[in-house]
Number of protein chains: 4
Amino acid sequence: MKFGIIANTNKDSSPATLASLCKLLKDRGHEWVLETDTSCLIENGPGIPAAQLKDHCDIIAVLGGDGTMLNASYRIGACTKPIAGINTGHLGFLTSCSEHELERLISAIENDKFTVSPHTLLTATIESTDGSQRQFTALNEVTLTRGHTSRMVSLDTRINGEVLNQYRADGLIVATPTGSTAYSLSAGGPLVAPDANIFLVTPICPHSLSNRTMVVADSSLIEVTPSEKTEETLFFNADGRDIVEVKPGSHVKIKKAAHVLPLLTISDTSFFKTVRTKLRWH
Amino acid sequence: MKFGIIANTNKDSSPATLASLCKLLKDRGHEWVLETDTSCLIENGPGIPAAQLKDHCDIIAVLGGDGTMLNASYRIGACTKPIAGINTGHLGFLTSCSEHELERLISAIENDKFTVSPHTLLTATIESTDGSQRQFTALNEVTLTRGHTSRMVSLDTRINGEVLNQYRADGLIVATPTGSTAYSLSAGGPLVAPDANIFLVTPICPHSLSNRTMVVADSSLIEVTPSEKTEETLFFNADGRDIVEVKPGSHVKIKKAAHVLPLLTISDTSFFKTVRTKLRWH
Amino acid sequence: MKFGIIANTNKDSSPATLASLCKLLKDRGHEWVLETDTSCLIENGPGIPAAQLKDHCDIIAVLGGDGTMLNASYRIGACTKPIAGINTGHLGFLTSCSEHELERLISAIENDKFTVSPHTLLTATIESTDGSQRQFTALNEVTLTRGHTSRMVSLDTRINGEVLNQYRADGLIVATPTGSTAYSLSAGGPLVAPDANIFLVTPICPHSLSNRTMVVADSSLIEVTPSEKTEETLFFNADGRDIVEVKPGSHVKIKKAAHVLPLLTISDTSFFKTVRTKLRWH
Amino acid sequence: MKFGIIANTNKDSSPATLASLCKLLKDRGHEWVLETDTSCLIENGPGIPAAQLKDHCDIIAVLGGDGTMLNASYRIGACTKPIAGINTGHLGFLTSCSEHELERLISAIENDKFTVSPHTLLTATIESTDGSQRQFTALNEVTLTRGHTSRMVSLDTRINGEVLNQYRADGLIVATPTGSTAYSLSAGGPLVAPDANIFLVTPICPHSLSNRTMVVADSSLIEVTPSEKTEETLFFNADGRDIVEVKPGSHVKIKKAAHVLPLLTISDTSFFKTVRTKLRWH
């Protein structure tokens, strides 16, 4: 089997973990290719750009934490090869195993003892008044928030063309089930089991106290427009990565992406167990 | 067309509204039958028990508010005939129109200008240690709560056989999308659009502050068991109606009911609009 | 110096800890008396009832956790002698030190290296329609809640004679700063530093979503009356201990008690540190 | 009696209301002076700068809403003359009466039928690494928040020199009782009665779910420092007015201001009633 490997190049422990993984793959008779930056960690070889990695391997392994996974999912792009996250730090929601379980992971893959859990992605399109469009993909969430010089934003929000609400708030978060454990949670949103086919629409610090997260079917088209009277600049953000100024008069359309993120899961990994541990329920 | 009619018999205005409805039906050439208690409001006729009403009509009309609808849905039982709620008081989440829109409702029905919105129901089965089983159906929610002499309950909760959490709380609510605007909301749960296929699992006053509502797919089997060490009595409740003592050692299984509640909706009725109005967002 | 000692008699480790404490006191040349039940743990002597303990010692030592402290504070009654909690389990909010710090505690007392932190108590008076009155004291909170057969209570609440709100909820909690880390917190209340002279009035599962905790000065008279239309029984509860049925027409007056609970604190004990640890902020 | 008058000069109705007030004062034999900008609304006279108004009158009248009051309190500066807010729009928390109650207000003042409610102010001092200091006063709250390019801020927070917490959040709000109904409320903070001598410390979208508002005595010194590792810029904001970039290494000290805002209150004005109305509790 052939592995494509991406590692968090900012982490001191990455070269060692990467070396262990490569040695293990070699011992087991597997092949691998390294992503360009990752390649510099241990080899002189040129490596392969992240966006092309999926074309050169059967399975993608990512070394790092949830942040690395989030970043890698973005750089890899639409992909049908299973992606296995190898956690090099704290327990994560997106990773398949810890760096101390490399053998277990490889054995599971060799013996077909894994499942592929398709994670829904969001596509957001910002349409400006000049007709231009920009498109973004997110695994966790997209947000529209006030800049630091404004006191609030006023956002007309529609679901499938129907008015949901005009939110007056610090901002609005549209999150996937995956994103339910990220920023959405800090803003008061609920947790979502991976197999619930929904999105969460959550205002940040809403002026109206009775505002709550709205759970909508993930087949919904969510449209957000700064209210007409608004002259404030606001900021769009996908997965905390792309930050884009949204001019008055713009229009943001959010829906399920055409592709999913196929995360590899090995047995004994439970979303609920990870939630209990990460949120310190016990 | 033939209507089966149930009215809230505790409401002073019911006889007048009922008379108006019957007159309108007569003028339009429709037939109707009345539920037994409803029958006593304006006729001497015997009427038909609520549970048999569906077999004697094409459409069921319920006069009252959300409480009357909740109660009627229970008394009618599994039913495929459309149910139209006629609101005689405040705006409701379950009613189709107000009592001032009777003509509009009948015209919509005559001209096939309505949709039927299938509302998911919950089935809960309480299995006792002696092997006996009791089954309940709920439109809004089922709850398991402490009695007034206990300080809390400890509830082992599983989703599809997998441990979700051992909740230490005043109780636990499992709600449908319909129930998201009822008790679940008071306990901090999110709002849910009618087409999101999920259930909400929400602890009441949890001891662990990081506990939040868990959104699960409505295909899930939710099992709740008083924790082994618990000797406290707890109480099961379906839609605030059936209140049942749950003995230590019992086991509660909650899942989607085999049938749905087919609520009639006429155009211009919007869940989001009702939410905005009822929750006073503007 | 003379110590009066109360231990949690339900805890297996109590006799050993008690013996250690007594030995240490003897070695250091101190005297002690034991509370009646505590006395049975290690001695044949008769002991002294908890309510009289304060008259026979200079300082009271309580062995157990926060629950033991809560219970002891009730049994000791109004008392000006410092009370030192010795924690025999998890870190507590009310205890002065752990059972492994007995020497440190005694040295601090011998060298006057402690402070006495006066903890505000609540007095609640239930006035019935027949003119009878019952009075209760609470260190954490008093609550008025629905019974398990009701859906909610409706409570007219006044502050210093002025209408605060008619709460429609599962119940209402009036908490001291000490109680801010207990039941009030589960119901969504804020944390309160020990030197803030306030009470917290927090509805449990309120029907109105914009209801929030109201922070009032601890000089306030808080009056709670079941709303006129209410026929439901409700239940009064002080510190989760006294549970009293409150009949329709009754009236509950809540204010600061005339006496405080003088808890002994030794250096390095910080309320904020305990909060961070107990609530797992890090 | 001599009145100093400030009006919201951006409001179309201000000239008419101002004229009514002046006519009424004239009819009743009172004198008045106008603030400079206000003066331009109806007179050619030069007017008096807001900061000097208190030296030329017995009582200050402010025409506008809560925003105008907030702004006026800042421009007037430390002041012992009673300030009466005359509401020209929605019901407010800071105003004494509506524009339709001018006669009632003047009569109350003439007959000494008013009270002066001292509203606590916050003083915040930003100390930079170069030793420079900037000082700000706030009636509602001061906030420290992330800029729109950061994901969060990490804020070391101390109360009276003791560590409260290292907050990882979108920001932190320190609010007065007056500010408890403003931004702090949107972020989840409790309501505070005007006579409770406390400040509220509330994180905005905290990463740790168990974070809650901390209520501290208003005699407390609150110190907030960006955590050492933080390189992100953050923004300080007093009453949504002054927005200041806070460089890494800076230190913010927050405490009760030496002076209060003496707001005039006439009978029948109740904080709780205003809360019930503004938050739509009924």
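To find a chain, count down the sequence lines: A is the first, B the second, and so on, and within it residues start at 1. Computed from heavy atoms alone, side chains included, the values below leave out hydrogens, waters and symmetry copies. Since we're looking at a predicted model, the values are computed, not measured.
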Flag if over 12 foreign heavy atoms under 6.0 Å of NZ, Lys278(B): yes
Result of checking Ile198(B), Val192(B), Asn197(B) against Ile198(A) for side chain to side chain contact (heavy atoms under 4.5 Å, CB included): Ile198(B)
Heavy-atom proximity to chain A below 4.5 Å, by part of Leu164(B): both
Chain B-proximal positions within residues 204-217 of chain A [heavy-atom distance under 4.5 Å]: Ser208(A), Ser210(A), Asn211(A), Arg212(A), Thr213(A), Met214(A), Val215(A), Val216(A), Ala217(A)
N/O donor-acceptor pairs under 3.5 Å from side chains in residues 165-172 of chain A, not counting sequence neighbours:
residue   : atom : partner   : partner atom : Å
Asn165(A) : OD1  : His282(B) : NE2          : 2.6
Gln166(A) : NE2  : Ser154(A) : OG           : 3.0
Asp170(A) : OD1  : Arg146(A) : NE           : 3.0
Asp170(A) : OD2  : Tyr183(D) : OH           : 2.3

Side chain to side chain contact (heavy atoms under 4.5 Å, CB included) between Phe272(B) and Ile159(A), worked out: CA-CA 9 Å; Phe272(B) 298 131; Ile159(A) 306 295; 3.5 Å; yes
Residue Glu103(A) excluded, over 12 heavy atoms near CD under 6.0 Å: no
